[in-house]
There are 2 protein chains.
Amino acid sequence: MNDLSDNDVYWWRPLEETELDTRGQLLFAAYKEIHVNGFQSASLSNILARTGVTKGALYHHFPNKLELGYAVVDEVIAQRIHLNFIQPLEHFGDPIDGFIAFIQGAGDAFSMTDIELGCPLSVLAQEMAPIDEGFRTRLAAIYEKWHQSIADVLIQARQNGLIIDEVDPYTMAVTMAAILEGSLSAAKVSRNLDKLYHCGAGLTQFLNLIRTQPGNQ
Amino acid sequence: MNDLSDNDVYWWRPLEETELDTRGQLLFAAYKEIHVNGFQSASLSNILARTGVTKGALYHHFPNKLELGYAVVDEVIAQRIHLNFIQPLEHFGDPIDGFIAFIQGAGDAFSMTDIELGCPLSVLAQEMAPIDEGFRTRLAAIYEKWHQSIADVLIQARQNGLIIDEVDPYTMAVTMAAILEGSLSAAKVSRNLDKLYHCGAGLTQFLNLIRTQPGNQ
DNA sequence: ATACATCCATACCAAATGGTATGGATGAAC
DNA sequence: GTTCATCCATACCATTTGGTATGGATGTAT
């Protein structure tokens, strides 16, 4: 059985773990438990044991397990995706160079724990989308926002004549997101960073092929 | 709670459901239960109720739940992946045209049930890879075989001068697999076939960009 | 000082879980 | 006819699950 120690540092770690109130502790512990075991198999007892919080406190802050799960999505995972996948897009100069640098940077930043656990958004989505509509809509909204943010960058890039006209921004955005997610999935299963690097190289090559002025391949 | 009726037709359905022996019935029912609920939350009681088989029979054929899960991977999922993702590669004429036709065909063949449940290999891998090494190695082997099979087609294509020399076959293979898997994941969460089509269009564009003689874009 | 809401601790519960122990039915071997 | 292995049915079990009921502590408003 895999486990995640309380002091483990990993890419998907939420912010502000220090000085959390009871609700925050529960949210953080639930996030980790869900990331490792999935929602359905996430054990409330484990969460309570790790935090030292009692069951009375848990059910004071959350009406039931499902609402705790929703809160994890809304308040922890959404924040993580925004910070790691959306916010960086805003600081791109040349978008193609920006994407390539982002891929490179992400590949370097991932620890082995990150690889083994995979993207929390993806893991939860795969598990819960067919089972619970509340989870599905929440997770779908996060994905949609991500896709749109990438598309916006590409729209800007096309207006500035940086990528070829044949590229549809939204189509390209969804495809790029699929590559990133697929690469994380492949690396997770193979437990091998090379899969990540291969996908990074593949996406980089794709990006270089759609820019107007040929870049440094 | 999502459910899967016994007579439901979907892309991932295993072969030869008719006239199954007890073991086969259990395997098939377990496969469906796992596909919907994941392995950890797959209920043996559900499997028994649906098949009409008793618990004594189950534990006669399988020593425990884990080995039942392994058997599902080895005997059902591996077969499905081979049939849907690997075997078609052997009949490609021009590989680029073949891939594009495959993407188109797959997009048309998927039912809404297929979309909602996603790829069984991917779902199981995301859930169990960090938790159980037996699952992980089995699933990783299936992925590796798939990647290699795509790479083989691309190697042949490059030898025949059909794709540009800058493309590394294995890198491209892993990237293509990532796109396919990522697109299925996105379609599953959004419950929208458009995500699939976007990724299909993106991959098609990528493929057209790496062929030597410009194709019909 | 009293009333009240917030916050949490303890004890308990019905249901479901995977797993086991045991015995019966059936057919083949000798 | 006896033996033995295969195949399966029934009853039972310990453990864990999410969830609840109740009461106490603490702070705040009046």
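- In this structure, B:Phe62 atom CZ and D:dC7 atom P are separated by 12 Å, rounded to whole Å.
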Whether each nucleotide of nucleotides 15-20 of chain D has a protein heavy atom under 4.0 Å at its base (B), only at its sugar-phosphate (S) or at neither (-) is summarised, 5' to 3', as --SBBB

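- Between B:Thr22 and D:dC8 there is a side-chain N or O to OP1 or OP2 distance below 4.0 Å.
- With sequence neighbours excluded, the residues that form a side-chain contact (heavy atoms from CB on, under 4.5 Å) with B:Ser43 are B:Glu33, B:Ser45, B:Asn46.
- Going from atom CG of B:Leu68 over to atom C1' of C:dT17 covers 15 Å, rounded to whole Å.
- Taking atom CD of A:Gln25 as the reference point, atom C1' of C:dC8 lies 13 Å away to the nearest angstrom.
- In this structure, B:Arg158 has no salt bridge (Lys or Arg N to Asp or Glu O under 4.0 Å) partners at least two apart in sequence or on a different chain.
- Put simply, NE2 on A:His61 is 8 Å from C1' on C:dC8, counting in whole angstrom units.
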Compile the donor-acceptor pairs under 3.5 Å between side chains in residues 64-72 of chain A and protein atoms, sequence neighbours left out, one pair per line.
{"residue": "A:Asn64", "atom": "OD1", "partner": "A:Leu66", "partner atom": "N", "Å": "3.3"}
{"residue": "A:Asn64", "atom": "OD1", "partner": "A:Glu67", "partner atom": "N", "Å": "2.9"}
{"residue": "A:Lys65", "atom": "NZ", "partner": "A:Phe39", "partner atom": "O", "Å": "2.9"}
{"residue": "A:Lys65", "atom": "NZ", "partner": "A:Gln40", "partner atom": "O", "Å": "3.0"}
{"residue": "A:Lys65", "atom": "NZ", "partner": "A:Ala42", "partner atom": "O", "Å": "3.0"}
{"residue": "A:Tyr70", "atom": "OH", "partner": "A:Asp132", "partner atom": "OD1", "Å": "3.4"}
{"residue": "A:Tyr70", "atom": "OH", "partner": "A:Asp132", "partner atom": "OD2", "Å": "2.6"}

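- Under the rule for a ring pair (Phe, Tyr, Trp, His ring centres under 6.0 Å), the partners of B:Phe99 that lie at least two apart in sequence or sit in another chain are B:Phe92.
- The shortest side-chain heavy-atom distance between A:Gln156 and A:Pro95 does not fall under the 4.5 Å cut-off.
- Identified under the side chain to side chain donor-acceptor pair (under 3.5 Å) test for residues 193-203 of chain B, with sequence neighbours left out: A:Glu144-B:Lys195, A:His147-B:Lys195, A:Tyr170-B:Lys195.
- What separates CZ of A:Arg23 from P of C:dT6 is a distance of 15 Å, to the nearest Å.
- What separates NE2 of B:His60 from C1' of C:dA21 is a distance of 16 Å, to the nearest Å.
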